[in-house]
Amino acid sequence: MWTLFHKFGSPKWFFGIAGRLMPWLLALGLGLLVAGLVWGLAFAPKDYLQGNSYRIIFIHVPSAFLAQSVYLMMAVAAVVTLVWRMKLADLFVQAVAPVGAVLTFLALFTGAVWGKPTWGTWWIWDARLTSMLILLFLYFGAIVLGSAISDEKASARAVAVLILVGVVNIPIIKYSVEWWNTLHQPATFKLTEKPSMPPEMWVPLLLSVLGLYLWFGWLACYRMQTEILRRERRTRWVRELVRAEGH
Amino acid sequence: MHPLRKKRLTIILFLLAGVGVAVGLTTYALRQNINLFYDPSQIAAGEAPANVRIRAGGMVEQGSVVRAQQDLTVHFRVTDFASSVPVQYTGILPDLFAEGQGVVAVGRLNTEGTFVAEQVLAKHDENYMPPEVSDALKKAGVDNPYTESTVTQ
Amino acid sequence: MAFDSLSAFLTMEGHGSYVWVCYCVFVLLLTALALWSRSRRHAVLREQRRLLELEESGTREQAPAAATFSRIHPS
């Protein structure tokens, strides 16, 4: 098991696997995402209470979901960085932090635009919205800290510690709507229960969540490959690869 | 596992536990500030200060909405099905405002115990359904199948 | 379709602007992320190629002086 673990830590091995996975991830991800969004936008029935404004859910929920998942993945990678000093783990963090920040921004932005017609306000300092804003700042912190320290190993460790300290925010985001009074409603999608919407609404939502996940997988692979090319410049296989790309 | 790695992992677990406990205690101590609004039971029990800008939240009581003839003033009661608070508000209400719907009102509690609101926000629940389903449920005599479960939120 | 006409689809009973702004920003930002990642990949590759060429010309320093002025055309 440990040999497989260490093999997975090899940038060269990852570069190859990622290259083989990426076309599938991109095709499937975009396909599901487009299907889910078109279905949600044009074919799903409107909501009895909110009318058509609820259609924002088909991008709001996937963005918010991914924003939190990406952070959790980064936290796992941070543990691997600190304990096993694996290059690939830090590479992952560096590659996906900006993606996570954009997804968090999208969740906040679509939430604000949705809040205006339904709640009557763009923003309110309730526990859910505030903790989500903190998540955005944690992403910014990871990006800025990573680029501020020039020594690769020191920067990887500093970022990993920051991410791990911030990981307490994730359960706070998730349970904020249950622990405290908030304007934000509780989750519609739960892992353990039936969703509180009919299938003609939750199926397109599920499709867009899955699609965005796969699309993120593609982008993460692509960006990690780029980071590998940059950092492993001195290795022979990267030299050969660069030379081959140039011709 | 290598003893050095085991040591690092232990340090990380301690770090996480420490941060978790610190944040947990802080949020527990600040829970009244983190709560967005007081519910009617808290207001009835005298927990909410009078003449201070606060928020009150709950359901708009069925049959309690009275609109003034000459201006945009509305009177209604906000309930959590245990206690209720009279609310007075002048202005445009959000589209989702209706009897049986959730609201969060921003304003002050006056000395007579009426909540004078400056702003009324609509709070909806996590349930979505097509209008036909909602109509069918209403026809079947179920006013709002989810009302009971959302009151406590 | 949940809508009777194209205009109904666009206006969405008054909520059109909210919904469409969200979808447009979503598509725009995801596209921007992909394009930005692509330009970064190209920049990294360009830089690596430049360094590689620099190194290779460096190892041939013992070669006749004229060779250092000859340009390399990768194609």
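- Looking at A/W218, the atoms closer than 4.5 Å to chain C (heavy atoms on both sides) all sit in the side chain, from C-beta outward.
- Within the 4.5 angstrom heavy-atom criterion, only side-chain atoms of C/V44, from C-beta onward, approach chain A.
- With a 4.5 angstrom heavy-atom cutoff, A/R231 does not touch chain C via any of its atoms.
- Listed by chain and residue number, C/E55 satisfy the salt bridge (Lys or Arg N to Asp or Glu O under 4.0 Å) test with A/R239 (two or more places apart in sequence, or in another chain).
- Only the side chain of A/L212 comes within less than 4.5 Å of a heavy atom in chain C; its backbone stays farther off.
- Highest contact tally toward chain C, considering only A/L41, A/L103, A/V102, is held by A/L41 [criterion: heavy-atom pairs under 4.5 Å].
- Sorted by first and then second residue, the salt bridge (charged side-chain N to carboxylate O under 4.0 Å, His left out) pairs involving residues 48-69 of chain A (not counting sequence neighbours) form an empty list.
- Checked by atom type and distance alone, the side chain of A/N52 never pairs as donor or acceptor with a backbone atom of A/K46 at under 3.5 Å.
- Residues C/R40 and A/T226 have side chains that never bring a donor and an acceptor to within less than 3.5 angstrom of each other.
- Proximity to chain C involves both the backbone and the side chain of A/Q225, based on heavy atoms less than 4.5 angstrom apart.
- For chain C, the nearby part of A/F105 is the side chain; its heavy atoms alone come within less than 4.5 Å.
- Using a distance-only test at 3.5 Å, with no hydrogens or angles considered, a donor-acceptor pair links the side chain of C/Q48 to the main chain of A/L229.
- A/R20 pairs by the salt bridge (Lys or Arg N to Asp or Glu O under 4.0 Å) definition with nothing, not counting sequence neighbours.
- Of all residues spanning residues 5-14 of chain C, those with a heavy atom less than 4.5 Å away from chain A's heavy atoms are C/F9, C/M12, C/E13, arranged by number.
- Highest contact tally toward chain A, considering only C/V27, C/L51, C/L33, is held by C/L33 [criterion: heavy-atom pairs under 4.5 Å].
- With a threshold of 4.5 angstrom between heavy atoms, A/L37 approaches chain C through its backbone and through its side chain.
- There is a side-chain donor-acceptor pair under 3.5 Å between C/S37 and A/R223.
- Put simply, the side chain of C/Y23 never gets that close to the backbone of A/I59: no donor and acceptor are under 3.5 Å apart.
- Residues A/W237 and A/E232 bring no donor and acceptor atom of their side chains to less than 3.5 Å of each other.
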*asked:* Apply side chain to side chain contact (heavy atoms under 4.5 Å, CB included) to residues A/L25 and A/W215 and explain how you reach the verdict.
replied: CA-CA 6 Å; A/L25 289 173; A/W215 182 84; over 6 Å; no

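- Side-chain contact between A/I124 and A/L129 is present, with at least one heavy-atom pair separated by less than 4.5 Å.
- Both the backbone and the side chain of C/R38 have a heavy atom closer than 4.5 Å to some heavy atom of chain A.
- Proximity to chain C is limited to the side chain of A/L106, based on heavy atoms less than 4.5 angstrom apart.
- With hydrogens and angles ignored, the 3.5 Å screen pairs a side-chain donor or acceptor of A/S10 with a backbone N or O of A/W13.
- Contact of A/A44 with chain C is made through the backbone alone, with heavy-atom distances under 4.5 Å.
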